[in-house]
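Written below as structure tokens is the structure these notes are about.
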Amino acid sequence: MPELPEVEIRRQYLEATSLKQPITSIQVEDTKLLTTDYMLLQQQLADRQFISTERIGKNLFIYTDNPAIILRMHFGMTGDLAYYHNSLDRPRHARIVFEFASGFNLGFICPRKFERVGLVDSVTDYAKSKKLAPDALSISFNQFITNLHKRNSPIKPVLLDQAVVAGLGNWIVDEVLFQAKVHPEKRASTLNDDELIAIYNAIALVLTTAIKFEARYRDFPPDFLIHVRKWDDSPYDDVEALSKCPRCGTKISRTEVGGRTTFYCPNEQILS
DNA sequence: CAATATGTTTTTCG
DNA sequence: GCGAAAAACATATT
């Protein structure tokens with residue numbers, strides 16, 4: 001699931017492969033994936049080059065050699081990138097393909113069409129209009145608690161709200177609350193200073209760890225809650241081992257909070 | 001084949 | 001117009 005760490009990895013991948021070469025054309029299989037008219041996209045990007053990138057939360061912005069033409073990518077649940085040369089190597093579900101003059105291609109892989117691509121003319125204006133909060137890795141502690149204090153909902157949906165802090169998704173919020181030892185249903189407005197600091201620090205810990213391991217869950221430290229989720233590449237076969245708290249051995253609870261599947265340790269994350 | 005997964009947008013209510 | 005909560009939406013996989 002492309003949350004902030006996966007998007008960061010894709011950003012680095014795009015920077016390493018696709019900058020500074022003229023775009024010759026763009027193939028789009030399904031215009032539902034576009035937030036900009038297809039013709040306009042073709043016209044605006046023809047002969048342009050990508051020159052740099054910026055990520056805010058789960059949004060990837062790609063600057064071109066025209067400062068008013070910026071491409072935005074959102075990877076939804078399943079989006080990915082693939083840079084390839086031979087058209088025979090075109091991956092499955094590469095529904096949007098940027099063709100470069102070099103003969104190489106950047107494929108935007110959209111298995112479930114939950115992904116979106118389009119142009120924006122200013123990143124700051126875009127963030128403002130979408131009420132996008134500062135990125136989870138750069139938000140200041142003061143800004144973070146200011147945004148949190150306005151809310152009285154359970155902490156989990158508050159952390160998922162991109163207007164509070166940008167980049168946290170379902171599994172990362174569970175991991176953050178587990179590391180901070182805070183119950184997911186605890187009201188945001190009732191958190192004390194220690195809990196707020198623990199959550200803020202856990203966000204940095206979880207995100208930097210995930211980026212360090214290039215979002216490969218199997219490599220994460222053993223005391224991460226991530227291992228209780230059944231990923232396709234989970235290293236464990238033993239369902240019993242999967243369901244235990246990596247710190248205290250208590251059986252992990254699985255519930256729904258804010259309509260999302262939620263895992264937490266009922267022994268260490270207490271609602272008081 | 002119905003259930004499931006999840007981020008974002010839309011809707012509804014107070 | 002806003003916060004909160006829930007529903008709607010996008011579709012492939014199991």
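Quick note on labels: first sequence line is chain A, next is B, and so on, each numbered from 1. None of the values given here were measured: they were computed from a predicted structure. The basis for the numbers below is simple: all heavy atoms, side chains too, and nothing from hydrogens, waters or symmetry mates.
Closest to the side chain of A/Arg95, out of B/dT6, C/dA12, C/dT11, is C/dA12. Distances from the side chain of A/Thr261 to the nucleotides C/dT13, B/dT6, C/dT11 place B/dT6 closest.
Side-chain atoms of A/Arg55 come within 3.5 Å of backbone atoms of A/Gly57 as a donor-acceptor pair (strictly under, hydrogens ignored).
By the ring pair (Phe, Tyr, Trp, His ring centres under 6.0 Å) test, A/Phe108 is found to be paired with A/Phe75, residues two or more places apart in sequence or in another chain being considered. Evaluation of the side-chain contact (heavy atoms from CB on, under 4.5 Å) rule for A/Gln44 yields A/Leu40, A/Ile69, A/Leu119 as partners, not counting sequence neighbours. In this structure A/Phe114 satisfies the side-chain contact (heavy atoms from CB on, under 4.5 Å) test together with A/Met77, A/Arg112, sequence neighbours excluded. Listed by chain and number, the residues in a side-chain hydrogen bond (donor to acceptor under 3.5 Å, both in side chains) with A/Asp219 are A/Arg216 (sequence neighbours excluded). The side-chain contact (heavy atoms from CB on, under 4.5 Å) test applied to A/Glu99 returns A/Thr24, A/Ser25, A/Gln27, A/Val97, A/Asn105, not counting sequence neighbours.
Dashed line: the shortest gap from a side-chain N or O of A/His74 to OP1 or OP2 of B/dG7 is not under 4.0 Å. The phosphate of B/dG7 (OP1 or OP2) has no side-chain N or O of A/Gln162 nearer than 4.0 angstrom.
In this structure, A/Arg72 places its CZ atom 15 Å from P of B/dG7, rounding to the nearest Å. The interatomic distance linking A/Glu29 (CD) with C/dA12 (C1') rounds to 14 Å, in whole Å. For the pair A/Phe263 CZ and B/dA5 C1', the interatomic distance rounds to 12 Å; values are reported in whole Å. For A/Leu160 and B/dT8, the CG to P distance is 9 Å, given to the nearest whole Å. What separates CG of A/Leu168 from P of B/dT8 is a distance of 11 Å, to the nearest Å.
Sorted by first and then second residue, the ring pair (Phe, Tyr, Trp, His ring centres under 6.0 Å) pairs with a member in residues 14-35 of chain A form an empty list; sequence neighbours excluded. Pairs of residues two or more places apart, or lying in two chains, that qualify as salt bridge (charged side-chain N to carboxylate O under 4.0 Å, His left out) and include a residue from residues 14-30 of chain A are A/Arg11-A/Glu15, A/Glu29-A/Arg95, A/Asp30-A/Lys113.
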Please list, one pair per line, the donor and acceptor atoms closer than 3.5 Å that link side chains of residues 194-203 of chain A to other protein atoms, with sequence neighbours excluded.
residue  : atom : partner  : partner atom : Å
A/Glu195 : OE1  : A/Asn192 : N            : 2.9
A/Glu195 : OE2  : A/Lys186 : NZ           : 3.1
A/Tyr200 : OH   : A/Ile139 : O            : 2.8
A/Tyr200 : OH   : A/Phe141 : N            : 3.3
A/Asn201 : ND2  : A/Ile197 : O            : 3.4

Can I get a per-line list of side-chain donor-acceptor pairs under 3.5 Å for residues 154-168 of chain A, giving both atom names and the distance, sequence neighbours left out?
residue  : atom : partner  : partner atom : Å
A/Lys156 : NZ   : A/Asn170 : OD1          : 2.7
A/Lys156 : NZ   : A/Asp174 : OD1          : 2.8
A/Lys156 : NZ   : A/Thr261 : O            : 3.2
A/Lys156 : NZ   : A/Thr262 : OG1          : 2.9
A/Asp161 : OD1  : A/Ala163 : N            : 2.9
A/Asp161 : OD2  : A/Arg151 : NH1          : 2.9
A/Gln162 : OE1  : A/Gly167 : N            : 2.9
A/Gln162 : NE2  : A/Leu160 : O            : 3.0
A/Gln162 : NE2  : A/Leu168 : O            : 3.3

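The existence of a salt bridge linking A/Arg247 and A/Asp223 is excluded, since no basic side-chain nitrogen approaches an acidic carboxylate oxygen closer than 4.0 Å.
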(message) For nucleotides 3-10 of chain C, give me one character per nucleotide, 5' to 3': B if any protein heavy atom sits under 4.0 Å from the base, S if the only such contacts are to the sugar-phosphate, - if neither.
(response) -SS----B

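Of the residues in residues 127-135 of chain A, none has a non-hydrogen atom less than 4.0 angstrom from any atom of DNA chain C.
Within the helix from B/dA2-C/dT14 to B/dG14-C/dC2, the inter-axis angle between the opening and closing five-pair segments is 50°, rounded to 10°.
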